[in-house]
4 protein chains.
Amino acid sequence: MPLPKIHDRRERRIARRRADILEAAMKVFAEKGIRQATTKEIAEAADIAEGTIYNYFANKEELVAEMLMYIGDVESRILDYVEGLKVDLRTFFHDYMLKRYRALEGNHRLIAVVFSEVLNTPELRDIYMQRTFMPGTKIMEDHLRTRIERGELPPMDVPTITRLLIGTILGLHLLIATGDEVTTELWADPQKFTDVLTDFLFNGLTPRSDAAE
Amino acid sequence: MPLPKIHDRRERRIARRRADILEAAMKVFAEKGIRQATTKEIAEAADIAEGTIYNYFANKEELVAEMLMYIGDVESRILDYVEGLKVDLRTFFHDYMLKRYRALEGNHRLIAVVFSEVLNTPELRDIYMQRTFMPGTKIMEDHLRTRIERGELPPMDVPTITRLLIGTILGLHLLIATGDEVTTELWADPQKFTDVLTDFLFNGLTPRSDAAE
Amino acid sequence: MPLPKIHDRRERRIARRRADILEAAMKVFAEKGIRQATTKEIAEAADIAEGTIYNYFANKEELVAEMLMYIGDVESRILDYVEGLKVDLRTFFHDYMLKRYRALEGNHRLIAVVFSEVLNTPELRDIYMQRTFMPGTKIMEDHLRTRIERGELPPMDVPTITRLLIGTILGLHLLIATGDEVTTELWADPQKFTDVLTDFLFNGLTPRSDAAE
Amino acid sequence: MPLPKIHDRRERRIARRRADILEAAMKVFAEKGIRQATTKEIAEAADIAEGTIYNYFANKEELVAEMLMYIGDVESRILDYVEGLKVDLRTFFHDYMLKRYRALEGNHRLIAVVFSEVLNTPELRDIYMQRTFMPGTKIMEDHLRTRIERGELPPMDVPTITRLLIGTILGLHLLIATGDEVTTELWADPQKFTDVLTDFLFNGLTPRSDAAE
DNA sequence: AATGAATGAGGATTCATTCAT
DNA sequence: GATGAATGAATCCTCATTCAT
């Protein structure tokens with residue numbers, strides 16, 4: 001079956017090229033910001049002609065959308081429902097933070113820039129909600145419900161608590177994105193960061209005796 | 001001394017005009033987004049000529065910066081160090097949330113739009129950090145330290161905990177800005193919202209028996 | 001009443017500027033063709049900045065549409081129903097041809113170029129039909145009907161005959177536009193041209209004895 | 001002589017391919033207009049690769065020129081000098097109109113599109129003049145001259161009259177192309193159309209008693 | 001001080017054409 | 001000969017900013 005093979009090869013080549021261009025674009029976006037990045041700059045970064053971008057992406061907006069979906073997929077894969085239930089909740093949180101940390105390491109500027117665009121463009125906001133926020137939220141909610149059923153957590157308003165958890169993590173990302181030094185330093189020490197954050201999420205401002213530092 | 005008086009009047013008139021233009025700009029920014037808002041639209045909203053804007057602001061960016069400073073001042077005034085220490089910590093948080101809630105009510109779109117710009121533009125980020133973030137952080141840190149000194153709180157890593165508190169609130173704002181329904185509904189009920197949030201910040205995910213729902 | 005006056009002056013200035021730009025555009029269109037003419041060239045011909053065009057016209061298409069309407073108005077004014085009925089039909093035709101001749105003298109390339117665009121763009125075609133074709137047709141039809149009522153012409157299928165008359169004139173324009181020498185030379189002698197054409201329209205291929213050359 | 005044969009076959013294959021591509025191009029041109037038609041679309045319509053077009057045509061313009069020549073050949077063949085002289089003039093005209101009608105039936109959009117391009121592009125205009133206009137003109141002129149010699153027609157300015165005849169037909173085509181309903185309906189009834197047109201060309205506006213409707 | 005017309009740099013996008021495979 | 005990905009020149013339009021009145 002030679003035809004399918006050729007077809008595959010062609011598709012693979014296209015996918016590879018798209019990925020190359022996307023990667024170059026992400027680099028430029030992170031450096032300059034999304035709207036400040038010109039297609040010319042992206043083309044130069046990808047070492048192709050400006051017009052070639054349009055053989056792989058309908059327009060600049062699709063490039064941004066694709067980037068958002070890519071980031072969403074990366075983020076989605078961090079939360080693992082099945083594996084997460086095998087360990088206790090603290091460990092699950094801790095592991096999640098750590099994986100998240102590793103996935104996003106060094107990409108804070110890109111995250112800031114992307115979030116800037118998401119806040120500004122309804123279409124991108126929808127993509128973010130569907131590809132990143134909602135999947136993550138669902139896993140977290142299911143996880144909490146299972147824990148409650150198991151009796152490991154007291155009954156609670158699961159959707160709301162989920163927002164508080166996700167909101168906190170999101171907020172810390174933004175503090176780093178805005179350049180807060182304390183948060184940045186905290187983040188720089190993954191062990192300490194995950195410890196402190198897990199503790200906060202579990203016990204809040206007033207740690208119990210067994211969790212006090 | 002007639003001259004100073006005239007000067008005062010002049011300055012007041014200038015200040016008033018700046019405020020008028022700023023108000024019009026904020027309205028347009030909230031509606032369209034900052035970069036989508038044109039100076040033409042702002043001039044129309046302020047009922048002046050386009051060129052007049054430039055008699056009061058150096059350029060569009062200064063307009064945005066000024067808006068950011070204005071918002072920062074409003075936000076700063078919410079946290080009252082002196083008054084806050086007169087009540088217990090829960091009440092202080094609760095009051096703060098409520099005041100914050102009232103100050104920002106109906107301005108989520110503007111907040112989203114401004115934050116979008118802050119995330120994108122280093123210069124604006126600096127303004128945000130200096131006028132909004134740092135003052136708020138300082139008050140919160142001082143507050144916590146005083147509470148610790150008083151023995152009302154256990155010893156803790158104050159700067160870090162402060163980031164967690166502020167990060168959480170910031171994260172919730174962004175969840176609303178991105179259109180999450182659960183968070184939006186939560187926010188719509190100020191009493192419940194402040195209760196739940198205060199509880200979370202105090203006790204985290206695992207409320208003690210006395211705080212259980 | 002000074003305000004109306006100022007308003008008038010402003011309006012007149014705008015109208016004059018529009019006219020200036022339109023004139024420059026028509027010149028460039030005639031030289032290069034409509035789609036080959038760039039906004040840059042039009043701006044240069046009008047001795048203004050490229051952006052200034054857009055203070056007076058929404059886009060290039062509006063410029064073309066406006067030109068078409070202008071031409072339509074010029075053409076419409078050629079056919080004078082009231083005056084036309086005062087003279088006999090031959091004289092009416094003769095005068096019409098002569099006025100048309102004078103109005104269009106030296107503008108054949110522009111006419112060709114405009115007609116090219118009309119044939120290509122539905123929106124422009126509609127403008128042409130409404131502003132030029134239909135008014136002219138109506139006057140001609142009314143004219144013929146009045147003549148028939150007066151007994152100066154035999155009963156006939158007025159709409160069809162009108163199309164044949166207008167079609168013939170239109171066709172000759174196009175022959176000139178395509179560069180046919182015979183037609184061009186004929187046109188160059190207005191007296192002969194109008195004579196021959198009037199004769200043809202009246203008597204067709206087989207002139208009666210009294211009309212024979 | 002095997003080589004010539006192969007050569008012939010080769011040439012025939014090339015000719016066939018050119019014709020295929022041309023046919024596809026004409027289809028796309030008629031649908032979209034010439035300049036709106038992309039080489040990509042033409043390639044798709046011809047079910048070949050975009051680059052293949054350039055193995056058979058130097059560029060898009062040659063494709064248009066070739067189409068124009070093809071149309072010219074079709075139109076030329078409508079006017080048959082030898083056959084035409086066997087019948088009387090009215091019948092000759094009538095037959096010509098009818099043949100023309102059948103040849104062009106359903107191709108008004110293509111005619112409009114082609115004429116639009118001819119009016120716009122001097123190079124195409126020349127092709128049109130040489131391949132379509134001049135041959136047709138010549139046959140018509142010769143025809144009229146022969147009739148005059150035979151005494152069937154009075155002496156007349158043959159070139160001018162020929163332009164009037166051709167111009168009228170051309171004009172009617174354009175009225176249809178611009179969407180005039182009366183002309184379109186007239187055209188839709190070939191018998192009536194040819195009758196009316198022949199009558200007009202013969203007798204003009206003032207039909208003699210024997211031709212009156 | 002207010003005006004608003006003029007400015008023109010800047011940028012996304014299209015598409016005929018080329019050429020390595 | 002066929003392919004179709006790569007090319008990049010070309011162009012319309014936007015809009016913050018200026019400045020003569």
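Only heavy atoms go into these numbers, but all of them, side chains included; no hydrogens, no water, no symmetry mates. What you see is a predicted model, and the numbers here were worked out from it, not measured in a lab. In what follows, chains are A, B, ... by sequence order, proteins preceding strands, each numbered from 1.
Checking D/I34 against A/Q36, the closest nucleotide of DNA chain E that is more toward the 5' end is the one next to A/Q36. In terms of position along DNA chain F, the nucleotide closest to A/R13 lies nearer the 5' end than the nucleotide closest to the other residue of the pair A/R13 and C/A37.
Spacing between atom CD1 of A/I42 and atom C1' of E/dG11 amounts to 11 Å, rounded to whole angstrom units. One interatomic measurement links the two molecules: NZ of B/K40 to C1' of E/dG4, which rounds to 9 Å at whole-angstrom precision. The separation between A/R17 atom CZ and F/dT7 atom C1' is 11 Å, rounded to whole Å. Regarding D/I21, its CD1 atom lies at a distance of 8 Å from the P atom of F/dA2, rounded to whole Å. To the nearest angstrom, C1' of E/dG10 lies 12 Å from CD of A/E41. To the nearest angstrom, P of F/dA5 lies 15 Å from CG of A/D20. In this structure, CZ of C/F57 is placed 12 Å from P of E/dA6, rounded to the nearest angstrom. Rounded to an integer number of Å, the gap from CG of A/D47 to P of F/dT7 is 8 Å.
Under the 3.5 Å distance criterion, the side-chain polar atoms of C/K60 are matched with a main-chain donor or acceptor of C/A37. Judged by distance alone, the side chain of C/N59 and the main-chain N or O of C/E62 form a donor-acceptor pair under 3.5 Å.
Searching all strands for a Watson-Crick or G-U wobble partner of E/dA20 with both distances below 3.5 Å returns F/dT3. E/dA1 is unpaired under the criterion used here, namely a Watson-Crick or G-U wobble arrangement in which both key atom distances are under 3.5 Å.
The C/Y56 side chain lies nearest to E/dA5 when the options are F/dA6, E/dA5, E/dA16. Nearest to the side chain of C/T39, among E/dA1, F/dC12, E/dT13, sits F/dC12. Of the candidates F/dA2, E/dA2, F/dG4, F/dG4 carries the atom nearest the D/A49 side chain, counting heavy atoms from C-beta on. Nearest nucleotide to the D/T52 side chain, out of E/dT13, E/dA16, F/dA2: F/dA2.
Between E/dA12 and A/K60, a contact under 4.0 Å exists linking OP1 or OP2 to a side-chain N or O. At F/dA5, one or more side-chain N or O atoms of A/R10 fall inside 4.0 Å of OP1 or OP2 (strictly under the cut-off). Here D/R35 does not reach the OP1 or OP2 of E/dC15: none of its side-chain N or O atoms lies under 4.0 Å away.
Among the candidates C/V64, C/V118, C/I34, the single residue satisfying the side chain to side chain contact (heavy atoms under 4.5 Å, CB included) test with C/V113 is C/I34.
Here the side chains of B/L22 and B/Y56 are not in contact, with every heavy-atom distance at 4.5 Å or above. Using a 4.5 Å heavy-atom threshold, the side chains of C/F115 and D/T178 count as touching. Looking at D/E31 and D/R109, their side chains never come closer than 4.5 Å, going by heavy atoms from C-beta outward. Between B/V114 and B/I111, every side-chain heavy-atom pair lies at or beyond the 4.5 Å cut-off.
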Just the table, please: protein N/O against nucleotides 18-21 of chain E N/O, every pair under 3.5 Å.
none

Check the pair A/E117, B/N120 against side chain to side chain donor-acceptor pair (under 3.5 Å), reporting the backbone distance first and the verdict last.
-> CA-CA 8 Å; A/E117 209 60 24; B/N120 206 3; 5.0 Å; no
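Residue C/I53 is classed as having no contact, given no heavy-atom separation below 4.0 Å to the nucleic acid.
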